[in-house]
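Structure, as structure tokens:
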Amino acid sequence: MRASVASDPLFEGPGEMRALCRSFDWASTPLGPSTEWPQSLRTTTAILLASRNPMFLWWGPGLIQIYNDAYRPSFGAEGRHPRALGMPGRECWTDIWSTIGPQIEQVMTTGEATWHEDQYLPIERNGRLEDVWWTYSYSPVRDEDGHIAGTLVVCQETTQRVTSQREREQLLEERRQAEQSLRQSEARYRALFESLDAGLCVVEMIFNERDEPIDCRFIEVNPAFTRQTGLGDPSGKLRSELGRPWDEFWMQTYGRVALTGESIRVEAPTSANGWWYDVYAFRVGRSEERRVAVLFNDVTAARTASAERDRLLRALEVERSRLEYVFKQAPAFLAVLRGPEHVFALVNEAYCRLVGERELVGKPLVEALPEVVDQGFKQLLDEVLATGTPYVGREVSVRFSRTPDAEPDERFLDFVYLPLVEGDDERVGVIAHGTDVTEQVLARREVERLFDLEQHARTVVEEAYRLAEAANRAKSQFLAIMSHELRTPLNAIGGYAELLEMGIRGPITPEQREDIHRIQSSQRHLLGLINEVLNYARLETGTVSYDLDDVVVREALVAGESLVTPQARAKGLTLLTKDCPPTVVARADAEKLRQILVNLLSNAVKFTDSGGRVEMSCSQDAEHVRIRVRDTGIGIPADKLHVIFDPFVQVRGDLARRHEGTGLGLAISRDLARGMGGDLTVESTLREGSVFTVLLPRAVGTPS
Ligand code: ADP
């Protein structure tokens, strides 16, 4: 309740609080009208209202409050003021009474002033609980009787100072912490810097007036830098200069970083040694310092490894395409069939050719090659897939239909079915691999057929030969016996004819003598024939034995020559031994050789017309001796050359009829030559002459 009282000089003067006090109804408070207040209260109030120091007074048992203008702001904008004026303290400060109540109580009871510096007293003001600090003292105020009647509070709100000091302290603390963490991170950086595997250096780039980098100065380097570049001494201090011209590329790179502040990551080689560096360069410090930190790694080995890997990959690629080519072009067929249905997963060209071009991949066997199912191949595949045991087939017959309506075509295959295993030994399919051996099988069958035929023919021929041999032997025996039987009476004819001719049986007339001569001539001719037949028969029956010795060929030729000289002379032929050194020595039966030579010379004389020549010569090589009998006679037709050595062969023709003979001479001569390990051959030109060559083994150990 507010009463308008007569103005109290106590409240006169400027200020809001004085005005409030003037209008305040003090009579409604336990203090009563101000004019009736004890002097002590009035004096204290006067001092309080006049002071510019914040002051507050609790008076009387109810602790009724009075405060001054300086104190007013402490209540805040919308707070207890002006309600607090004349209000009992307990009601006003409910929020902090637990703190200040006992302090006031103590002052009021003991009379001792208190001092509180920067006391934290959070109060409600401005509509919220605010952190507020005060420096204040509670001083007892005594009344006229000397009793303590009130408590004067001289206070100073120090919130601002305290908070700003706190802020400062906090700032200081933060700074301290920041410094500490800086020191820690610096230490960490240092440790990192030292232990880094990457080379790290800080360089100051030096530019010319056109802003072109021309050099650099090392500010700092880590041990890895020294390790990787070989620059700097072991203590980590750098030699002042690089000692060689800067790599232009790196110079330009770092120059750009220093000038523009952009960071650069680059992998490049150094021209000095060709080593590769992975470099990260960034500007550090103030821009005008033009410092660049360079973090780099020697990646030479990695690059070489990756180059090697690239090379290997390329090689692998080549190998792969080669394999693919081989797989496709391989003469061997190859197919991969997967799963229990044997679905074609892969086939090469040879396989396609084998089965007749058709769609296979993605189809199961029964659908892709229906004709083979009944031929047992599906069961084989099932078995290999189920058991994992490979199957090897040799020349297995299989019939494929090359086109859908064509009759199945029989092929023969060498092949193997291999289980296809994936992952943990799981059988997922079968690999069929092999070759089409049809051509070989057919060819071999043909060969076998021919072989059988040949075998048959051979047995037939052998049988015929055996028969012929037997017949031949029988014939020879017959001839031998017959010749012997014929010779005896012929000799008798000769003997008796001679007796008659000598006149032992009485005188004979000239006509009888002439007849006797004809008998003798026929007897000699017949005897000669029989002798030759006998000779040949002996050879054929294998009853001839050879008395081998070293024979000086020249001597044999001279002996042979003397035997035919009379006939040659009679025919007016030149007969001579030419070119036969006495060193030519044959291993032969001298008598048989003589027989051959006489035969050849007789033929030569016989088949050479008068005025011609018959020459003998000899030669030898390491193993053989050759004796040649050459004539300039009628010669032998080419188609007869191979038969004249057969028995009883005489070249028919107008010329041959003029000559007598058995057709056995050459057959006997060749058999004799062969019997001594040699041979008899002929070369001849019709009407020009013939050359017969006797080949004999050379005598061992004779000089050449
Ligand atoms: P022949 O008793 O008939 O002489 P050969 O066996 O000695 O029997 O000779 C066989 C045939 O070879 C002769 O009949 C003759 O036609 C031919 N012949 C042999 N030697 C000569 C030769 N020097 N010149 C030409 N023909 C010859």
Side-chain angles (χ1 to χ4, degrees), residues 472 475-476 479 483 486 521-522 524-540 544 557 560-561 563-578 592-618 626-675 678-695:
N472 210 25
K475 182 193 74 186
S476 298
L479 286 174
S483 303
L486 285 172
S521 155
S522 293
R524 275 197 301 276
H525 177 64
L526 201 53
L527 193 63
L529 269 177
I530 287 166
N531 279 340
E532 282 205 351
V533 169
L534 194 60
N535 258 340
Y536 180 68
R538 267 212 218 109
L539 281 169
E540 286 293 286
V544 175
L557 296 191
E561 188 187 323
L563 285 175
V564 290
T565 301
Q567 294 100 302
R569 205 168 283 160
K571 272 190 91 172
L573 301 176
T574 311
L575 175 66
L576 74 155
T577 299
K578 190 187 163 201
K592 304 280 189 309
L593 176 57
R594 191 194 59 81
Q595 201 178 331
I596 294 169
L597 288 173
V598 169
N599 189 20
L600 293 178
L601 287 168
S602 306
N603 278 348
V605 169
K606 209 178 345 173
F607 297 108
T608 303
D609 291 335
S610 54
R613 287 170 73 86
V614 175
E615 281 175 10
M616 287 182 290
S617 63
C618 78
R626 283 183 180 77
I627 302 164
R628 290 188 182 79
V629 178
R630 183 188 302 271
D631 65 59
T632 55
I634 60 170
I636 303 158
D639 62 332
K640 293 290 186 294
L641 280 176
H642 62 285
V643 294
I644 55 169
F645 295 102
D646 291 344
F648 307 110
V649 168
Q650 292 181 309
V651 178
R652 290 189 185 282
D654 50 339
L655 293 170
R657 255 176 271 134
R658 295 187 307 188
H659 308 282
E660 290 184 347
T662 55
L664 281 170
L666 288 177
I668 292 168
S669 298
R670 191 174 69 174
D671 279 359
L672 289 173
R674 286 182 176 174
D679 204 356
L680 176 62
T681 55
V682 64
E683 287 162 85
S684 181
T685 310
L686 201 59
R687 277 183 272 280
E688 284 186 15
S690 312
V691 182
F692 284 84
T693 304
V694 183
L695 185 82

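Whatever order the structure lists ligands and atoms in, that order sets their numbers, starting from 1.
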For a 4.5 angstrom cut-off between non-hydrogen side-chain atoms, does Leu680 reach Leu600? yes
Could you tell me if the side chain of Ile644 sits less than 4.5 Å from the side chain of Ile636, heavy atoms only? yes
For ligand 1, is there an atom lying under 4.0 Å from some heavy atom of Lys640? no
Sub-4.0 Å heavy-atom approach of Ser690 to ligand 1: yes
Under 3.5 Å, is there a donor-acceptor pair between the side chain of Thr632 and the main chain of Gly612? no
Numbering the atoms of ligand 1 from 1, which are under 4.0 Å from a heavy atom of Leu664? 6 (O), 8 (O)
Show the atoms of ligand 1 that are less than 4.0 angstrom away from any heavy atom in Ala604. 23 (N)
Geometry only, no angles: is Ile634 polar-contacting ligand 1 at N/O separations under 3.5 Å? no
Before signing off on this row, confirm whether Gly665 and ligand 1 have an N or O atom pair separated by under 3.5 Å. yes
Apply the side-chain contact (heavy atoms from CB on, under 4.5 Å) test between Arg613 and each candidate in Leu576, Leu575, Asp631, Thr608; give the one that qualifies. Leu576
Checking contacts here: is it the side chain or the backbone of Asn603 that comes within 4.0 Å of ligand 1, counting heavy atoms only? Could be both or neither. both
Neighbour count >12 (heavy atoms, 6.0 Å) for atom CD, Glu683: no
According to salt bridge (Lys or Arg N to Asp or Glu O under 4.0 Å), who are the partners of Arg628, at least two apart in sequence or on a separate chain? none
Could you name the option among Val614, Leu666, Leu686, Leu600 that has the heavy atom nearest to atom 6 (O) of ligand 1? Leu666
